[in-house]
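Here is the structure we will look at, set down as structure tokens.
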Amino acid sequence: MENFLLRNIENPNSADINEYLKVGGYKNLTKSLGMKPKDIIEEVKKSGLRGRGGAGFPAAMKWNFATADPKFPKYLLCNADEGEPGTFKDRPILEKNPHLLIEGMVISGYALGSEYGYIYLRGEYPQAKDILNEAIKQAYEKKYLGDDILGKGVKFHLSVYQGAGAYICGEETALIESIEGKKGQPRSKPPFPVNVGAWSMPTIVNNVETLSNVPYIMEIGGDAYSNIGSKDCPGPKLFSVSGYVEKPGVYELPMGISLRDIIYKHAGGIKDSKKLKAVIPGGISTPVLPADGIDCAMDFVSMPKAGSMLGSGAVIVLDESVCMVRVAYRALKFFEHESCGKCVPCREGTDWLRKILERIENGKGSEGDIYLLSDVAGLISGRTFCPLGDGAAGVVTGMIKHFRNEFEEHIKNKKCVVS
Amino acid sequence: MFGETVLKEIDEIRVKYPDRRSALLPSLYIAQREFGWLSQEAMQCVAKALNLSESIVRGTASFYSMFKHKPVGRHLIQLCTNVSCMILGAERLVDFLGNKYGLQPDGTTEDGRLSLVVMECIGACGTAPAMLINTDFYDNLSEKRIEEILEKYK
Amino acid sequence: MISLTINEKEVTLDKPVTVLEAAKQAGIKIPTLCHHDLLKPWSGCRLCVVEVERMPRLQTACTLMAADGMVIKTESEAISNVRRGILEFLLINHPLDCPYCDKAGECELQDLVNKYGPTVGRYKEEKRKVPESHKDQIIARNTERCVMCTRCVRMCNDVQGASAISIIGRGNHSRMEPFSSESFDCEYCGNCLTVCPVGAILSRLYIHSFRPWQVDKEVGTICSYCGVGCSLVVQVRDDSIKRVIPKLGFGLNKGLLCSRGRFGYEYVNSPDRLKTPLVRKNGKLEESTWSEALSIIADKLTEIKGTSGGSAIAGIASPRCSNEDNYVLQKFMRVTCGSNNIDSLSRTGFAAAQKYFEDLLGQGITANIIDGIKNSEVVLVIGGDPTAVNPILGLSIREAARRGASIIVLGHAKGLEKFKTVQVVPPLFKEAEVLEALLVELFRAKGVRAELPFIDKEMRELSEKAAEKMDLPGFDELMKALLNSASTSIVLGMDLIQRTNGHRSLFGVAGITYLLEARLYLLSERPNEQGLIDAGCVPDMLPGGRPMNIPDFKSKFEAAWNGPIPDDDGLTLFEIIEGIKNRNIKALYVMGENPVFNLPGGPFLKDIFGNLDLLVVQDIFLTETAEIADVVLPALGWAEKSGTYTNLERRIQLQKQAVKTSRGMEDWRILSEISGRMGQKMGYLETDDIMREMAKVSPLYADLTYDEIGKGDCLWPYHGKPLRGEMNEVPPVVDAEKDYKADFYLAPEKLLFHSGTLSRKSPALMKICPEPTLKMSAASAGKLGLKEGDRVQFSTTAGSSEAPVSIDESIKDNRVFLSNNFQGSGVMDLLSFSIDEVTKAFGIEGCEVEIKKHGIKA
Ligand SMILES: Cc1cc2nc3c(=O)[nH]c(=O)nc-3n(C[C@H](O)[C@H](O)[C@H](O)COP(=O)(O)O)c2cc1C
Ligand code: SF4
Ligand code: SF4
Ligand code: SF4
Ligand code: FES
Ligand code: FES
């Protein structure tokens with residue numbers, strides 16, 4: 001498959017608008033502005049595009065909800081918070097192909113009747129901020145942004161909003177709170193953002209990669225797009241591969257590709273030919289898979305059946321040298337640090353879990369601790385306000401399910417067995 | 001107090017959003033740039049510039065880990081220790097910074113040159129371990145490489 | 001109509017509500033912790049989970065909207081498991097110090113754990129440590145007990161609008177703190193205390209002094225401080241007030257209070273209370289007996305009436321006394337003493353404005369429900385800070401702002417700084433001109449309303465005279481907002497009235513009110529300003545606002561009161577003072593008022609009061625006026641007696657007796673005792689007797705009973721018949737055209753934490769706000785080279801004083817402000833004034849002041 005999302009990124013000047021125009025950039029915008037907004041949405045619907053931010057929600061369905069709401073202005077927010085540990089797939093788009101995102105946002109804005117877009121960019125990407133700002137400036141100069149885009153009387157304004165270090169702000173309602181200048185704590189749904197979002201107006205939140213797929217859909221048509229990759233969730237997908245592989249990096253591959261192929265065919269297999277122990281397939285929040293569980297199709301529909309989730313498509317490969325208790329502890333340290341504190345089970349539960357795991361890892365575990373871990377995870381699971389807490393519980397449950405022996409040995413030997 | 005230019009900068013940000021409170025995060029970044037960290041005075045300046053309550057400013061700022069509530073050294077090292085970095089040796093690097101520079105997580109060297117914050121994932125897992133120094137980005141870190149890099153930050 | 005099943009019970013709802021509310025309506029209690037009826041749902045604690053058929057997960061009842069056909073279970077094993085788990089989580093970091101905690105007994109966490117909680121803890125790790133601070137003098141904070149429900153913060157932000165506290169930090173590492181992390185430095189409404197479910201924040205006024213189960217009785221009554229008239233509950237033990245808390249969901253304040261109402265009650269128990277009557281002997285006030293004191297007064301009044309006639313006697317009524325007290329006072333003056341010289345200090349503001357508006361626009365024009373403000377599209381605030389004068393009314397304005405209303409401030413209002421849409425600052429003392437200009441513009445745009453021909457005519461004349469448009473920043477925006485508004489509230493403070501030509505401003509406001517069909521609210525500093533007017537404590541009106549000059553009314557009252565009422569109109573406050581100066585008035589009877597301190601020109605008043613043959617003061621403290629009286633009588637105060645108050649909305653409310661510690665007597669009883677000694681028996685045994693008489697004689701109170709009032713919604717016009725406005729001539733404006741060119745002008749300001757001289761005797765309020773400050777704009781301070789807290793000396797032609805400077809961002813002109821609450825440093829003594837010919841209120845404009853830095857600091 002030819003790269004679309006990562007097209008031209010080998011070019012050191014790929015972020016420059018002229019380089020982008022050379023490879024056909026913004027022609028899909030010109031084409032789209034010649035169409036009726038609702039026909040664009042129809043095309044996206046045909047494409048079967050699902051959100052790439054983690055939840056896999058059908059993009060056209062969200063868009064239709066938003067356009068059905070009579071209130072204006074509507075806001076289009078691009079979720080560039082990319083906080084899920086192990087994920088670095090939006091980054092090449094933001095830093096190397098920013099005009100693809102801008103083009104995608106202008107087309108989407110036009111389709112949605114939205115005249116204001118904001119890119120919510122994580123604070124940890126300072127380079128991306130400068131690159132995006134420069135790209136936006138160029139796009140304004142060339143009239144791809146502004147009050148009268150390409151002389152078609154279409155208006156769309158775009159700017160970058162910089163986050164400040166809070167994973168939860170990737171959650172769409174927390175993101176909205178954050179862009180309103182508040183703490184990033186999730187809001188109750190309903191009302192959904194498509195009706196009452198940023199500044200109380202209809203708001204569409206989409207991931208960087210999702211929006212960057214829109215020009216492609218307009219280029220090849222929804223039908224053709226829907227034939228790429230899995231039937232239920234088609235299209236190209238960016239996978240971030242990290243950990244013990246020979247060639248870590250971001251890969252643009254068809255949705256539904258097997259996890260094994262990602263690791264062995266594309267990422268060059270396990271580093272130094274060591275033995276694979278486990279894979280976290282979709283970012284830290286997704287349950288771990290054991291070495292023999294990697295023959296699964298990487299898409300939103302198949303992964304839950306395989307006992308995990310696609311998440312952000314961040315594949316973290318762990319070899320035999322890795323201590324799973326330590327990984328679990330580090331993951332829970334993350335969740336505890338990032339819990340927004342709104343709901344009791346997540347706020348208190350992640351802290352408790354982290355403390356127990358820290359104790360076990362330090363050789364101070366005791367007999368009932370594994371049971372206690374599972375039980376506390378159970379007290380969190382399904383009871384939290386947003387999926388963050390669920391994710392934390394799932395990590396612990398998954399680890400114990402597949403690697404109980406490592407926990408037992410830590411407790412028995414009063415130390416880590418691996419390192 | 002903020003000077004005229006800073007106030008103007010804030011005003012320009014303010015008009016980009018339908019509500020003045022949206023300018024809070026960007027203004028906190030500005031305050032942090034101006035004061036080095038978010039002292040009470042820095043937050044009061046922001047509150048005044050945006051006509052927001054001081055407590056709202058402080059409460060909001062304290063939620064975000066990139067806003068600093070105590071002074072930091074001239075150079076801020078933000079080193080990732082999340083799983084992809086951890087398994088490739090990030091924790092060893094933390095120890096190294098401690099042993100070699102006397103730099104502890106959330107601490108500052110005695111000469112006020114370096115501060116260290118241990119980060120969650122900074123989106124460089126493919127080239128782990130990674131860190132930011134101020135806004136500069138470094139990856140594929142090793143003890144030796146860190147030593148070389150830090151030569152540039154005096 | 002929505003119907004659903006909760007625990008197999010059919011529930012029908014007439015409007016959409018949450019499942020939690022629906023269950024409540026059906027008498028089913030779902031446990032909650034982060035939810036509070038005064039706040040929007042939060043959904044953080046997850047205790048309120050319920051099972052809903054065909055929904056996969058358990059749902060939180062506090063956020064889930066009830067929908068038709070839902071089948072809900074509020075208790076099951078799965079639900080109990082969740083609740084037990086949540087409570088276990090809440091306890092892992094909790095200090096478990098119930099035996100020492102003052103909340104024990106009324107702690108929601110304790111109650112929940114008793115019902116749903118785990119029996120053993122499994123947490124072996126270290127507990128969270130939270131930094132402590134004991135700096136705040138009013139609120140004790142023990143954050144380790146905090147369950148992070150955020151109720152306090154939401155209250156402070158979303159309801160009170162003070163935004164003084166927030167959750168600092170994120171997640172498990174967070175804690176509730178004020179900005180300074182130590183002292184709260186807030187509005188001290190204490191509404192956060194109402195909503196905190198645990199013992200994390202408590203009022204220092206009562207901690208360690210009693211346990212919730214040791215309360216002897218709880219008495220629902222009305223606050224004694226301002227014209228809002230908030231409902232509250234007084235908790236009594238050993239015949240002393242232990243705590244004041246709001247009455248949730250009840251009264252117009254619906255569970256909210258301000259600092260004065262919640263923390264100001266301690267004056268009742270003050271050791272400085274008057275205990276026995278005092279009589280001046282050989283130039284000194286000496287303790288006396290009731291019978292001696294009352295006889296002296298009766299004899300003296302009889303003598304003066306005999307020699308100089310009733311018109312040589314005057315009375316000053318009290319906006320802190322009940323309707324019953326005031327009614328009896330005016331009857332005592334009119335019939336027993338034979339004088340219509342009865343007025344009050346409300347003359348200087350509320351009563352003057354109220355009467356002016358009624359004369360022009362008809363009775364009841366200011367009788368509007370406070371709650372209505374929040375639904376306005378525009379709120380126009382003029383001449384005062386509602387959030388300081390009438391805090392709970394102020395909250396409605398803040399709520400209106402949250403709902404998207406334009407809040408327009410003419411002048412300045414600190415408490416609305418963060419809520420205002422536009423601030424229009426009139427040129428110094430030119431409020432009337434601005435209002436007239438506004439009126440003219442509105443009239444030109446809207447045309448004649450043709451309901452009250454007289455006002456229409458006046459407005460036409462005004463608009464013909466007025467040439468050019470007002471050129472003032474914000475003026476156009478203000479115009480536009482008013483023209484586009486379908487629902488306008490006008491909130492008027494007294495500063496505007498206290499001008500040389502105060503009535504001119506009033507006409508402006510009246511015209512705007514009329515043109516826009518706006519709701520008009522008069523700020524009222526004292527709890528019963530409206531009531532004293534309605535009770536007849538104005539010289540030219542009998543109870544019920546009935547003009548003296550209509551013979552029918554007068555003869556009806558004479559018949560009911562068994563005696564003649566003098567024919568003249570009586571003297572207003574400043575005419576009385578003039579009379580005292582000229583020695584035409586020989587006796588002054590002051591009930592619950594402190595004119596020497598509360599009026600401008602105190603030293604002068606003190607001086608001329610020496611002319612009196614008899615000065616009687618009945619009060620609860622030895623005030624500045626009492627100090628120079630001939631006879632001082634100890635009265636019963638708030639919470640010690642029953643009666644009614646009429647608030648600024650004209651709602652009549654019941655005040656109930658809660659304690660009987662003082663040795664004083666009810667004001668009305670004192671009067672009726674004296675009246676009896678003067679040969680005019682009043683025959684009241686209890687307040688009920690007075691109310692019954694008022695209901696009979698006053699057309700306004702027709703058929704009113706305590707039972708009806710006690711129900712809480714006793715609103716204008718009760719069963720009475722309002723009168724139409726009957727002014728048909730706007731008096732001419734005294735030409736006072738003058739430019740104000742001095743550097744600084746002194747003006748009075750009203751404080752949130754104080755109220756008259758009463759709050760001096762409240763230790764809590766004195767702790768919050770211990771001394772006066774001279775408030776000024778940042779520009780003025782800059783000009784003087786002053787910063788916050790610098791001490792300054794300042795003087796006017798009337799006198800001088802000193803105070804620290806405080807910079808107020810909301811002030812935009814070169815006036816400086818001083819309060820009138822603190823002993824020895826009230827602003828009134830420093831003011832020069834004139835009297836408005838129409839309203840007979842004082843005008844304090846252009847009082848030049850010189851300000852000097854006090855000493856030189858190293
Ligand atoms: C805890 C949490 C963190 C999330 N972080 C991100 C993120 O960093 N980037 C992102 O695009 N979506 C993230 N999401 C998903 C968003 O809530 C939302 O579903 C997404 O932005 C929608 O865009 P999409 O439909 O294009 O995927 C997160 C969700 C949760 C619950
Ligand atoms: S689950 Fe965690 S992150 Fe989500 S609302 Fe609750 S406390 Fe916040
Ligand atoms: S102090 Fe009380 S009300 Fe405030 S968050 Fe803590 S427990 Fe809740
Ligand atoms: S607003 Fe007025 S009546 Fe209400 S509590 Fe405060 S002082 Fe009392
Ligand atoms: S885990 Fe360190 S950069 Fe992602
Ligand atoms: S009361 Fe519903 S979640 Fe707390």
Side-chain angles (χ1 to χ4, degrees), chain A residues 73 75 82-91 116 118 122-127 129-130 157 159 161-167 169 178-185 198-199 201 240-244 248-250 280 283-284 314 316 318-319 321-322 326-327 330-331 333-334 337-338 340-341, chain B residues 13-30 32 38 46 50 52 56-57 59-68 78 80-88 90-91 117-137 139-140:
Chain A
Y75 296 105
E82 188 148 78
E84 180 65 30
T87 315
F88 48 104
K89 54 139 187 128
D90 291 339
R91 193 168 172 182
Y116 302 95
Y118 298 92
R122 63 188 314 222
E124 292 87 343
Y125 285 178
Q127 288 82 6
K129 181 182 159 218
D130 295 341
H157 289 277
S159 61
Y161 196 90
Q162 197 181 4
Y167 165 66
C169 290
S178 185
I179 204 169
E180 288 184 359
K182 300 174 183 158
K183 296 176 180 207
Q185 288 183 311
W199 307 291
M201 286 295 147
S240 337
V241 187
S242 67
Y244 286 103
V250 180
I280 300 174
I284 284 290
I316 305 171
L318 309 173
D319 76 2
S321 70
V322 175
R326 190 146 194 91
V327 170
R330 186 60 187 83
K333 189 166 164 232
F334 164 77
H337 185 249
E338 298 300 335
C340 80
Chain B
I13 294 169
R14 204 166 150 159
V15 298
K16 283 207 258 178
Y17 307 98
D19 185 83
R20 67 179 191 267
R21 185 156 176 191
S22 287
L24 179 51
L25 265 54
S27 303
L28 286 166
Y29 270 116
I30 292 173
Q32 187 153 288
L38 294 180
V46 171
L50 295 175
L52 293 172
I56 281 183
V57 171
T60 309
S62 69
F63 184 86
Y64 294 95
S65 50
M66 293 181 80
F67 293 131
K68 301 297 165 222
Q78 307 189 72
C80 173
T81 60
N82 207 300
V83 172
S84 298
C85 287
M86 176 188 85
I87 59 175
L88 290 167
E91 289 173 328
V117 174
V118 163
M119 298 286 279
E120 300 301 347
C121 179
I122 60 173
C125 334
T127 46
M131 67 177 174
L132 283 162
I133 300 186
N134 307 328
T135 55
D136 308 330
F137 180 80
D139 53 6
N140 286 318

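Just so it is clear, the model here is predicted, and its values are computed rather than measured. In what follows, every chain begins at residue 1, and chains take the letters A, B, ... in the order their sequences are listed. Computed over heavy atoms, backbone and side chain alike; hydrogens, waters and symmetry mates excluded.
The choice from A:E84, A:E124, A:H157 that makes the most heavy-atom pairs within less than 4.5 Å of chain B is A:E124. The most heavy-atom pairs under 4.5 Å with chain A, out of B:A128, B:P18, B:C80, B:A23, come from B:P18. The choice from A:Y125, A:Y75, A:Y161 that makes the most heavy-atom pairs within less than 4.5 Å of chain B is A:Y161. The residue among A:S178, A:A331, A:G83, A:G184 with the most heavy atom pairs within less than 4.5 Å of chain B is A:G184. The most heavy-atom pairs under 4.5 Å with chain A, out of B:N134, B:L24, B:T127, B:I87, come from B:I87.
Using a 4.0 Å cut-off between charged nitrogen and carboxylate oxygen, A:R122 and B:E120 do not count as a salt-bridge pair.
For B:E91, the part sitting under 4.5 Å from any heavy atom of chain A is the side chain, from C-beta outward, and nothing else. Residue A:E82: no heavy atom, backbone or side chain, is found under 4.5 Å from chain B. Heavy atoms closer than 4.5 Å to chain A are found in both the backbone and the side chain of B:A124. In this structure, the portion of B:D136 lying under 4.5 Å from any heavy atom of chain A is its backbone and not its side chain. Contact annotation for A:S240: neither backbone nor side-chain heavy atoms come within less than 4.5 Å of a heavy atom of chain B. Within the 4.5 angstrom heavy-atom criterion, atoms from both the backbone and the side chain of A:V327 approach chain B.
Checking each of B:C121, B:C85, B:S84, B:C125 against A:P85 for a side chain to side chain contact (heavy atoms under 4.5 Å, CB included) leaves exactly one that passes, namely B:C121.
Here the CG-CG distance, from B:L28 to B:L38, works out to 5.5 Å after rounding to the nearest 0.5 Å. Remark: A:I316 CD1 to B:M86 CE distance equals 10.0 Å, nearest 0.5 Å. Atom-to-atom distance recorded for B:Y29:OH and B:I13:CD1 is 12.0 Å, nearest 0.5 angstrom.
For the residue pair B:R21 / B:T60, a side-chain donor-acceptor distance below 3.5 Å is found, with atom types taken as modelled.
A search for ring-ring contact (aromatic ring centres under 6.0 Å, His included) contacts involving A:F334 returns A:Y167, not counting sequence neighbours. Partners of B:T81 according to the side chain to side chain donor-acceptor pair (under 3.5 Å) rule, which considers only residues two or more places apart in sequence or in another chain, are A:R330.
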